[in-house]
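To find a chain, count down the sequence lines: A is the first, B the second, and so on, and within it residues start at 1. None of the values given here were measured: they were computed from a predicted structure.
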Amino acid sequence: MEKEAILEVRHLSKTFGTNPVLRDINFEISEGDVISVIGPSGSGKSTLLRCINLLETPTAGSILFRGRDIKELGKDVFSYRAKVGMVFQSFNLFDNLTVMENCTLGQIKVLHKNREESEEYALQILSRVGMAPYCNARPRQLSGGQKQRVAIARAMALNPEVILFDEPTSALDPELVGEVLDVMRDLAEQGMTMAVVTHEMAFARQVSNRVVFMDDGVIMEEGSPEELFTDPQNDRTREFLGRYLGR
Amino acid sequence: MSKFSQLLQDVLRLCIKYYPMYFAGMKNTVLLALVGTVLGCMIGFVCGVLNTVPYDIRDPFRKRVLVRIMRTIIRAYVELFRGTPMVLQAVFIYYALPYFTDGAARFSSVWAASILVVSVNTGAYMTESVRGGIIAVDPGQVEGAMAIGLNHVQAMMYVILPQAIRSILPQIGNNFIINLKDTSVMFMISFTDFFAAHRGVVGATYLYFPSAVIEMVGYLTMTLISSFLLRKMEQRLEGSSSFELVVADHLTLTSGVYRNPASGELFIERNRDYAGKD
């Protein structure tokens, strides 16, 4: 059965000044997909996610969310952003708020839920990422891994249809990477739709159902983790994976 | 030595005879500085926030033009009031109304005119301080706020300004102390502040220096007390550095060892137990 597409990216291009970062990108995120986007640094992976969340304005092409062009959202852009969660490499938790408030702010201001309701839900989500004990702590009192788990909870608290992860473990100490990946693996197994820009090849291989290899602003190759990791068709993919997997 | 005892005597005499005048002046000075600073801060916050409204080519033409016009107006306001002496601003504002209306309209109270001048002047400085404070907040905070769907005003109110206030607060204190002293120029429009009390006393007694000594001590007392209170306020804003843990964090302890909770099940920390499916 064909799953319904949540996001469709059509001929997306982005240039910073005269420097093309994305060139004619086409891809889809369907319900239940866990897509890993891999590729060398500077290949436009992060920019792609940031364009999808409208943190960057695409230069050309279109992005359809449930069939609707996100350029024509107008004021709905705010509720669109709530439906498309984002987890950043540098966490970007609100430093002036507690862990709990980080997870309730969006529920209250964007989804217009009341305080009790959103606190209850936030606590539920925080337990899922193992951060409920820290609900009174402030971000500066947490380790990197804990911050990232709260950031994931903050995105999930808005009941998004898809969560975009922008190198969620790249800023972490090696021993903290595991706890964040564990949480993401759990999310994936519970059917959350995710697009993950990552350098964690093991995660990409085990958890995702589709892997996208980007280089130089272009999608070079796309396929199931089996195909891409065991039998890459593209020379650049092979070279990149070789460097990572030591082949 | 006799000069000092002479001075002491003169000062005491002035204090005993004219203390109601000095105190009334002090009260007016503090009140004007306080109201002027508060109103000035409000102007500063509004202008500072408006000045940072983002716009890009995606926005409709009308909005872009509006934002540009707004920024130009605020820029002009800041440059005008930051670039001219407050004493002249007072004269301009106070005498402009009767001049243009041939005396038909004038400021009914010198208080209104003084408050207007001080707050508009403070507002110009505060606009820049607020803008600086906002810029100094990590851009990631804005992105985080945008990513959960907050609009510009919400992001400012709940995320950016509460963080910017840390760097803005010392500036507010600065402005308040500057205002305590600089309101002395309001004697030009016959505002009866602490300095006006000096002029009154001197006019009656010709004791220029003894009165100036009283003024010095008086102003210094006001500014020192203000500095102290502002420090206290800053410390309170820093808040507590500790927090309460409910229980230990399982995932940190078990990171990479085994997975917890089992997938599909809701893990309630407080019970240290698995609850039913969610």
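- Heavy-atom distances place both the backbone and the side chain of A:Asp95 under 4.5 Å from chain B.
- Annotation: B:Met157, atom CE; neighbour count of heavy atoms from other residues, nucleotides and ligands within 6.0 Å does not exceed 12.
- Within the structure, salt bridge (charged side-chain N to carboxylate O under 4.0 Å, His left out) contacts touching residues 136-148 of chain B (residues at least two apart or in different chains) are A:Arg50-B:Glu143.
- Between the side chain of A:Asn92 and the backbone N or O of B:Gly140, at least one donor-acceptor pair lies under 3.5 Å.
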(request) Walk me through it: do B:Asn151 and A:Val77 pass the test side chain to side chain contact (heavy atoms under 4.5 Å, CB included)? (result) CA-CA 9 Å; B:Asn151 60 36; A:Val77 68; over 6 Å; no

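- For residues 123-132 of chain B, heavy-atom neighbours of chain A at less than 4.5 Å comprise no residues at all.
- Contact annotation for A:Val87: neither backbone nor side-chain heavy atoms come within less than 4.5 Å of a heavy atom of chain B.
- Within the 3.5 Å criterion, the main-chain N or O of B:Leu161 finds no donor-acceptor partner in the side chain of A:Asn96.
- Of all heavy-atom pairs between A:Val110 and B:Ile148, the closest is CG2-O, 3.4 Å.
- Under a cut-off of 6.0 angstrom, the local environment of CZ in B:Arg68 is sparse, with at most 12 non-hydrogen atoms contributed by other residues, nucleotides or ligands.
- Contact count versus chain B (heavy atoms, under 4.5 Å) is highest, among A:Ala151, A:Gly106, A:Ala82, for A:Ala82.
- Looking at A:Leu93, the atoms closer than 4.5 Å to chain B (heavy atoms on both sides) all sit in the backbone: N, CA, C or O.
- Contacts with chain B were tallied for A:Arg154, A:Gln107, A:Met86; A:Arg154 has the most, counting heavy-atom pairs under 4.5 Å.
- Other residues, nucleotides and ligands place no more than 12 heavy atoms under 6.0 Å from the CZ atom of B:Arg231.
- Only the side chain of B:Gln154 has a heavy atom closer than 4.5 Å to any heavy atom of chain A.
- Other residues, nucleotides and ligands contribute at most 12 non-hydrogen atoms within 6.0 Å of the CD atom of A:Glu120.
- The side chain to side chain contact (heavy atoms under 4.5 Å, CB included) test applied to B:Met233 returns B:Leu169, not counting sequence neighbours.
- Evaluation of the ring-ring contact (aromatic ring centres under 6.0 Å, His included) test over residues 87-132 of chain A, restricted to residues two or more places apart or in two chains, returns none.
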